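All of these numbers come straight from a predicted model, not from anything done at the bench. Note: hydrogens, waters and symmetry copies are ignored here, and every other heavy atom, side chains too, is used.
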Amino acid sequence: MSTQILERPETKDADTGPEMFHYVRKEKIAESAVMGTFVIALCGEKFPVTKSPKPGSPVCPQCKEIYEAMQV
């Protein structure tokens with residue numbers, strides 16, 4: 001009888017620099033946080049909600065630009 005070691009592949013997200021928060025539809029945030037479903041940000045990025053932003057957190061520049069254009 002032999003024992004084999006299976007290596008687990010690294011499942012790390014791409015390092016895109018400092019973590020940024022995105023603008024998403026308000027009604028989808030709780031659903032994503034509880035159910036793990038993916039949300040689509042204004043910039044088009046898809047991800048599950050895992051953290052909540054704190055005041056002063058960096059915001060995705062594309063999302064911010066789109067959001068501000070919608071306010072006019």
Side-chain angles (χ1 to χ4, degrees):
M1 184 184 285
S2 68
T3 304
Q4 294 182 10
I5 297 175
L6 299 175
E7 290 188 33
R8 184 174 61 182
E10 199 63 37
T11 56
K12 184 174 152 186
D13 291 335
D15 186 17
T16 56
E19 182 178 40
M20 287 192 270
F21 289 91
H22 298 270
Y23 284 97
V24 299
R25 294 181 67 108
K26 188 176 184 176
E27 62 272 7
K28 297 292 183 179
I29 295 172
E31 177 186 333
S32 177
V34 173
M35 304 297 287
T37 56
F38 280 63
V39 293
I40 302 173
L42 291 179
C43 68
E45 187 167 332
K46 295 179 184 179
F47 57 93
V49 174
T50 57
K51 297 181 181 180
S52 7
K54 294 178 178 41
S57 297
V59 176
C60 168
Q62 287 179 306
C63 281
K64 187 174 183 177
E65 183 179 323
I66 295 167
Y67 179 77
E68 288 173 354
M70 292 169 58
Q71 300 303 309
V72 176

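Scanning all heavy atoms of the two residues, the minimum distance from C60 to M20 falls at CA-SD, 3.7 Å. Among all heavy-atom pairs drawn from T37 and S32, the shortest one is O-OG, 2.5 Å. Across C63 and A41, no two heavy atoms sit closer than the pair SG-CB, 3.9 Å.
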- Message: Set out, in order, the CA-CA distance, both residues' side-chain angles and the distance that settles side-chain contact (heavy atoms from CB on, under 4.5 Å) for R25 and I40, then state yes or no.
- Response: CA-CA 8 Å; R25 294 181 67 108; I40 302 173; over 6 Å; no
- Message: Using the rule given for side-chain contact (heavy atoms from CB on, under 4.5 Å), can you reason through Y23 versus I66, listing the C-alpha separation, both sets of side-chain angles and the distance that settles it, and then say yes or no?
- Response: CA-CA 9 Å; Y23 284 97; I66 295 167; over 6 Å; no
- Task: Could you please spell out the steps behind the side-chain contact (heavy atoms from CB on, under 4.5 Å) verdict for V24 and F47?
- Result: CA-CA 10 Å; V24 299; F47 57 93; 3.9 Å; yes
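Residue E65 holds its CD atom at 11.5 Å from CG of L42, rounded to the nearest 0.5 Å. With rounding to the nearest 0.5 angstrom, the CZ atom of F21 is 14.5 Å from the NZ atom of K64.
A continuous path of ILVMFWY side-chain contacts below 4.5 Å connects Y67 to V59, so both sit in one hydrophobic cluster.
E19 has its side chain within reach of K51: a pair of non-hydrogen atoms, C-beta onward, lies under 4.5 Å apart.
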